[in-house]
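Right, one structure below, let's go through it.
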Protein chains: 2
Amino acid sequence: MPPRTYEHPAIDEIAIPRVLFALSEPLRLNMVRMLAERGEVDSIDLGPDLPRSTLTHHTSLLRESGVVFVRAEGRKCMIRLRDEDLEARFPGLLGTVLAGYEDDDA
Amino acid sequence: MPPRTYEHPAIDEIAIPRVLFALSEPLRLNMVRMLAERGEVDSIDLGPDLPRSTLTHHTSLLRESGVVFVRAEGRKCMIRLRDEDLEARFPGLLGTVLAGYEDDDA
DNA sequence: ATCATTGTGCGACTATTTTCAAACGATAGG
DNA sequence: CCTATCGTTTGAAAATAGTCGCACAATGAT
């Protein structure tokens with residue numbers, strides 16, 4: 001039995017306002033940018049300097065809005081973009097947002 | 001002397017997080033959808049049922065984030081999308097967002 | 001078994017956002 | 001001039017969001 005499981009919205013439950021809100025936060029947008037570059041990533045790499053509870057807060061929000069998929073791996077948790085689902089639901093959105101975001105790291 | 005003037009960010013000052021935030025609010029997203037359909041619109045048409053101060057709040061936020069252009073016309077104020085500027089800055093963004101937003105009115 | 005590490009949940013606090021009423025200034029029309 | 005209409009500003013209240021310390025559960029390693 002899986003120790004930690006994560007709820008994810010189905011593709012057709014992904015709503016534009018929630019996605020935009022999730023991406024409107026610079027911290028989270030940086031996370032998404034990193035995920036787009038690296039593929040699946042250990043959650044801690046998304047914010048090595050952040051308090052853990054803050055990191056959980058943001059990754060949960062990204063997950064609940066349908067932007068990322070989360071799975072437990074041992075005691076870590078691995079995160080990856082739901083880029084195919086997002087592409088199916090809102091074609092071009094992710095690419096456009098990331099293309100328009102040539103900013104500094106965090 | 002112009003009675004009411006409005007400040008607008010220059011094209012290169014338009015920032016993705018602010019635009020996404022502006023569009024993440026259902027009320028404002030509906031306004032943008034209406035603007036995309038109708039072109040320039042009397043501000044009051046964007047929210048006939050809203051208190052005026054609430055309407056001002058949202059239109060100001062859309063203006064300050066670079067999504068709309070506002071001009072005074074007599075005692076009204078006319079609003080239009082900065083679709084060309086947005087297209088130049090974030091190609092495809094507006095179209096993608098609006099395409100993915102086939103929702104109810106407000 | 002013990003211990004260090006990881007993510008989560010809770011609770012509190014702060015900051016931001018949304019909403020709206022009231023007062024004001026400007027405009028158009030009589 | 002007087003009045004009605006519109007937008008803005010201000011201020012306040014409520015709701016929402018972000019941050020983080022702490023305790024806890026689960027995991028992996030010794």
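In what follows, chains carry the letters A, B, and so on, assigned in the order in which the sequence lines appear, proteins first and then strands, with residues in each chain numbered from 1. Keep in mind that what you see is a predicted model, and the values were worked out from it rather than measured.
- Of the possible donor and acceptor atoms, none in the side chain of A/Arg80 sits under 3.5 Å from a partner among the backbone N and O of A/Leu35.
- A straight line from CZ of B/Arg4 to P of D/dT5 spans 17 Å, rounded to a whole angstrom.
- When all heavy atoms of B/Phe90 and B/Ile14 are compared, the closest pair comes out as CZ-O, 3.5 Å.
- In this structure, B/Ile44 atom CD1 and D/dA4 atom C1' are separated by 13 Å, rounded to whole Å.
- For A/Arg89 (side chain) and A/Ile11 (main-chain N/O), a donor-acceptor pair under 3.5 Å exists by modelled atom type.
- Along DNA chain C, the nucleotide nearest to A/Ser43 and the one nearest to B/Glu25 differ in position, and the one closer to the 5' end is contacted by A/Ser43.
- Of all non-hydrogen atoms in A/Ser65 and A/Arg18, the two that sit nearest each other are CB-O, 3.8 Å.
- Residue A/Thr54 has no polar side-chain atom (N or O) positioned under 4.0 Å from OP1 or OP2 of D/dG18.
- Side-chain to base pairing of A/Arg52 with C/dT6: no donor and acceptor N or O lie closer than 3.5 Å to each other.
- B/Leu46 has its CG atom 10 Å from the P atom of D/dG7, to the nearest Å.
- Within residues 55-63 of chain A, the residues having any heavy atom under 4.0 Å from DNA chain C are, by residue number, A/Thr56.
- Rounded to an integer number of Å, the gap from A/Leu50 CG to C/dT8 P is 14 Å.
- Under 4.0 angstrom from either OP1 or OP2 of C/dG7 there lies no side-chain N or O belonging to A/Tyr6.
- For A/Leu27, counting side-chain heavy atoms from C-beta on, the closest listed nucleotide (D/dT19, C/dT8, C/dT18) is D/dT19.
- The heavy-atom pair separating A/Pro9 from A/Arg63 by the smallest distance is CD-O, 3.3 Å.
- Atom pair A/Arg18:CZ and D/dT16:P shows a separation of 13 Å (rounding to whole Å applied).
- The aromatic rings of A/Phe21 and B/Phe21 sit tilted relative to each other, their planes meeting at an angle between 30° and 60°.
- We find that NZ of B/Lys76 is positioned 14 Å from P of D/dT5, with the value rounded to whole Å.
- If you find the closest nucleotide of DNA chain D to B/Asp42 and to A/Ser53, the one lying nearer the 5' end belongs to B/Asp42.
- In this entry the distance linking CZ of B/Phe21 with P of C/dA15 reads 17 Å, nearest Å.
- To the nearest angstrom, C1' of D/dA17 lies 13 Å from CD of A/Glu64.
- Between A/Val70 and A/His8 the shortest heavy-atom distance is N-NE2, 2.9 Å.
- For the pair A/Arg75 and D/dA29, the criterion of a side-chain N or O lying under 4.0 Å from OP1 or OP2 is not met.
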